Amino acid sequence: MIRFWNEFGAAHSLKDEPAAVRRRLKRDRRLFVLAWDDDRLVGTIMAGWDGWRASMARLATDPQYRRIGLARALVERVERELRSLSARRIGAIVLKNNRGGRAFWSSAGYELDREDVRFVKDLPRV
């Protein structure tokens with residue numbers, strides 16, 4: 001999956017380690033959706049829900065499977081899951097220079113939030 005993200009448009013992250021992905025799958029399995037064509041991984045999305053806020057990230061599709069509604073289907077699936085958890089607002093994490101991603105999220109009904117800025121801090125390994 002990490003190879004898929006690196007190859008098909010989801011930018012590398014400090015947290016891209018197999019153990020971290022396994023932890024995420026264990027914790028939020030229903031919010032981590034994979035699309036398969038037989039044994040070929042063709043799309044991913046993962047979401048988070050803390051009981052108050054919801055977010056989506058790692059939306060990535062194999063270029064051969066773009067423009068057929070796959071990304072939209074992945075988003076709608078996760079939206080349904082989040083709605084069932086009582087989410088009322090969902091944020092989507094998109095890199096600033098990802099023009100295609102920004103266009104997609106806008107077309108999916110998401111608005112650019114001009115009020116918020118995201119701060120991050122990388123914690124050293126212990």
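Predicted model, so just to flag it, every value in this text is computed and none were measured.
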ask   = Can you find a pair of side-chain heavy atoms, one from V75 and one from L59, that are under 4.5 Å apart?
value = yes
ask   = So if you build clusters from Ile, Leu, Val, Met, Phe, Trp, Tyr with side-chain heavy-atom gaps below 4.5 Å, do V94 and L70 land together?
value = yes
Derivation of the side-chain contact (heavy atoms from CB on, under 4.5 Å) call for L85 and R30 = CA-CA 11 Å; L85 295 169; R30 64 191 272 204; 3.8 Å; yes
task = Kindly indicate whether the side chain of R83, heavy atoms from C-beta on, has any atom under 4.5 Å from the side chain of R88.
result = no
ask   = Hey, does R24 have a side-chain heavy atom less than 4.5 Å from the side chain of L31?
value = no
key: Within-4.5 Å side-chain heavy-atom neighbours: M56 and I90   = yes
request  = Measure the spacing between CD1 of I45 and CD of E79 and express it to the nearest 0.5 Å.
outcome  = 8.0 Å
Minimum side-chain heavy-atom gap V21-W5 below 4.5 Å = yes
query = Quick check: does any side chain N or O of D50 sit under 3.5 Å from a backbone N or O of R53, one acting as donor and the other as acceptor?
reply = yes
query = Donor-acceptor pair, R89 side chain versus S55 backbone, under 3.5 Å?
reply = no
inquiry  = Quick one, M1 and L34 - any side-chain contact, counting heavy atoms below 4.5 Å?
reply    = yes
remark   = What one should report as the nearest heavy-atom pair of A47 and V78 is CB-CG1, 3.3 Å
ask   = Are D62 and F4 close enough that some pair of their side-chain heavy atoms sits under 4.5 Å apart?
value = yes
remark   = Interatomic distance, CD@E17 vs CD1@I2, rounded to 0.5 Å, equals 7.5 Å
query = Hey, does the side chain of D113 reach the backbone of E115 with a donor-acceptor pair shorter than 3.5 angstrom?
reply = yes
query = If every non-hydrogen atom of G48 is compared with every non-hydrogen atom of L82, which pair is closest and at what distance?
reply = O-CD2, 4.1 Å
ask   = Which value, rounded to the nearest 0.5 Å, describes the distance between E76 atom CD and E81 atom CD?
value = 13.5 Å
message = With heavy-atom distances below 4.5 Å as the criterion, would you say the side chains of M46 and L25 are in contact?
response = no
task = Specify whether Y110 and W105 have parallel, tilted or perpendicular ring planes, treating 30° as the upper limit for parallel and 60° as the lower limit for perpendicular.
result = perpendicular
request  = Assess whether side-chain contact (heavy atoms from CB on, under 4.5 Å) is satisfied between D37 and Y65, documenting all intermediate values.
outcome  = CA-CA 10 Å; D37 186 358; Y65 291 78; 2.5 Å; yes
ask   = Roughly how far, to the nearest 0.5 Å, is OG of S86 from CH2 of W52?
value = 15.5 Å
inquiry  = Could you check whether any side-chain N or O of R66 sits under 3.5 Å from a backbone N or O of T61, counting only pairs where one atom can act as donor and the other as acceptor?
reply    = yes
ask   = Does a sphere of radius 6.0 Å around CZ in R29 hold more than 12 heavy atoms from other residues, nucleotides or ligands, not counting ones at 6.0 Å or beyond?
value = yes
ask   = For the hydrophobic clusters of this structure (ILVMFWY residues joined by side-chain heavy atoms under 4.5 Å, transitively), does one cluster hold both W36 and F32?
value = yes
